[in-house]
Amino acid sequence: MTALLNFIRETILIDGPISVERYMTLCLARYYGSRDPLGSAGDFTTAPEISQMFGELIGLWMAEIWRLMGEPPRAYWVELGPGRGTLSSDALRAARLLPEFLNGLDVHLVETSPVLRNMQKEVLSGTGKAVEWHDSVRSLPDDGPLLVVANEFFDALPVQQYVADKGQWHQRCVGLAEDEKTLRFGLFPSSGVTLPLPPKEGETCEVPASGIALMGELARRIARQGGVALVIDYGYAGPSYGDSLQALRHHAYADVLSMPGEADLTTHVGFQYLADAAYAGGTITHGLSTQRDFLRQLGIDVRAASLAKAAPAEAEAIFAAAARLTGEGRRNMGELFKVMAVSSPRLPEVPGLARCDANLLRVS
Ligand code: SAH
């Protein structure tokens, strides 16, 4: 039995079942705090790890945002949950094309994992930029525009799950089976909670409370300080019914309850919740778009062709990576992944994404 499983078991024996949200919080802190989860030896792979084009195109998108903002002499480059630091490293390298942009950037990373902070430090040392780390967005600088990117970050935050039973939503919890050893799901007695969807018998509704709070804080800052946040993740506009909680270990699905802290836990991101929080915080929402359409708008095909021309031996791998980032179906990321941006009211349009009417997201 792992130490975390033992801790959770004892907590439940003393205090009773814990919410799925609390369970996720405990598991994710252990999981991300103790390893590098990325790459072929890890549990999952992300877009910046598939190709340098991903980070480069985002770096150039941010440079265009900076131009649209009137080229402020200083701005903050912020990445939430940077993993190995690859996206920021590729983006800042591409930004060398615009020295005035790059020179005025201060780099701030929001990362809780000490293991990944170390990797980020090493990878980003090549950029020649000083890097500052934060445990949360609350300590980010408050005196200049923020250029925030979050790739596969919101899916790694805990969510609340509710299940409809006899006409009411009940929060889903984790308790113990009769053997008092194995974890199993249950429901808390109803607290009469109202959710964006009516309680349809047997259905699940997920509420990303941490993501909502985080997006609210970010949006209030962007509304005040200027700038944008670009969010890329697998998910849906929603809210919609469904239990999307998954465990991933060594690139395969695993049981959510059997190895707490040893598998990655994720949920599909409910973008409308984030858009609502951003709207309430005073920003404008753009999207949703698919990753395929967004990267194509940003010129991934041209970039792939020019990289392939510069390194003909790599051409096949380069085109394969572009296809993985933009392709359809479950094996590719082009349609599964969605893109949303929120911007300061002083920046009413952003490249590559349509401003959304009445703050209602639709995948276009
Ligand atoms: N963006 C990276 C990594 C995604 S994995 C990529 O695309 O490759 C999720 C990242 O978020 C990891 O770096 C993880 O340590 C970090 N993370 C998870 N929960 C966090 C939290 N609550 N606060 C800050 N960082 C967190």
Side-chain angles (χ1 to χ4, degrees), residues 21-59 62 77-92 107-124 131-140 148-159 208-218 229-235 246-249 251 261-269 274 291 294-295 321 324-325 333 336-339:
E21 185 182 39
R22 178 93 190 113
Y23 177 73
M24 287 185 77
T25 303
L26 292 170
C27 292
L28 289 164
R30 170 65 55 97
Y31 178 75
Y32 281 108
S34 60
R35 76 202 71 212
D36 166 21
L38 293 150
S40 53
D43 296 315
F44 58 92
T45 303
T46 57
E49 301 301 328
I50 290 171
S51 168
Q52 67 184 73
M53 293 183 280
F54 189 77
E56 289 170 347
L57 292 169
I58 289 171
M62 288 293 188
W77 174 274
V78 178
E79 187 175 353
L80 310 182
R84 291 176 166 176
T86 311
L87 192 164
S88 281
S89 161
D90 291 337
L92 295 171
V107 178
H108 291 258
L109 305 178
V110 177
E111 173 62 69
T112 41
S113 159
V115 177
L116 292 174
R117 277 188 186 197
N118 272 336
M119 294 192 81
Q120 292 154 16
K121 190 173 181 179
E122 205 162 308
V123 170
L124 287 163
V131 178
E132 245 182 78
W133 280 270
H134 301 261
D135 286 331
S136 96
V137 294
R138 282 191 298 276
S139 58
L140 287 172
V148 183
V149 59
N151 182 62
E152 289 213 43
F153 171 73
F154 281 92
D155 71 272
L157 299 180
V159 303
S210 296
I212 291 169
L214 200 145
M215 181 51 97
E217 166 79 20
L218 212 52
L230 181 69
V231 179
I232 306 165
D233 229 308
Y234 49 94
Q246 290 177 344
L248 269 178
R249 196 156 192 263
H251 297 265
E262 300 305 311
D264 180 36
L265 293 184
T266 69
T267 56
H268 291 203
V269 173
L274 303 183
Q291 177 166 303
F294 183 68
L295 292 179
R324 177 112 187 260
L325 294 179
M333 305 176 107
L336 219 50
F337 279 70
K338 312 293 189 296
V339 184

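Atoms within a ligand are numbered from 1 in the order they appear, just like the ligands themselves. Keep in mind the model is a prediction, meaning the values are calculated, not measured. Heavy atoms only: backbone and side chains are in, while hydrogens, waters and symmetry mates are out.
Around ligand 1, the residues contributing at least one heavy atom under 4.0 Å from the ligand are Y32, L38, F44, T46, P48, E79, G81, P82, G83, V110, E111, T112, S113, L116, N151, E152, F153, L157.
In R22, the CZ atom is not crowded: 12 or fewer heavy atoms of neighbouring residues, nucleotides or ligands sit closer than 6.0 Å.
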(request) For the pair S88 and E79, evaluate side-chain hydrogen bond (donor to acceptor under 3.5 Å, both in side chains) and give the outcome as yes or no after the intermediate values. (result) CA-CA 7 Å; S88 281; E79 187 175 353; 2.6 Å; yes
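If you run side chain to side chain contact (heavy atoms under 4.5 Å, CB included) between Q120 and each of N118, V123, L116, only L116 comes through. Tested against L295 for a side chain to side chain contact (heavy atoms under 4.5 Å, CB included), the candidates L325, I232, I58 yield a single pass: L325.
For the salt bridge (Lys or Arg N to Asp or Glu O under 4.0 Å) condition, the pairs that include at least one residue of residues 112-123, sequence neighbours left out, are R117-D135.
Taking both residues in full, the closest heavy atoms of E217 and V137 are given as CG-CG2, 3.5 Å, listed atom of the first, atom of the second, then distance.
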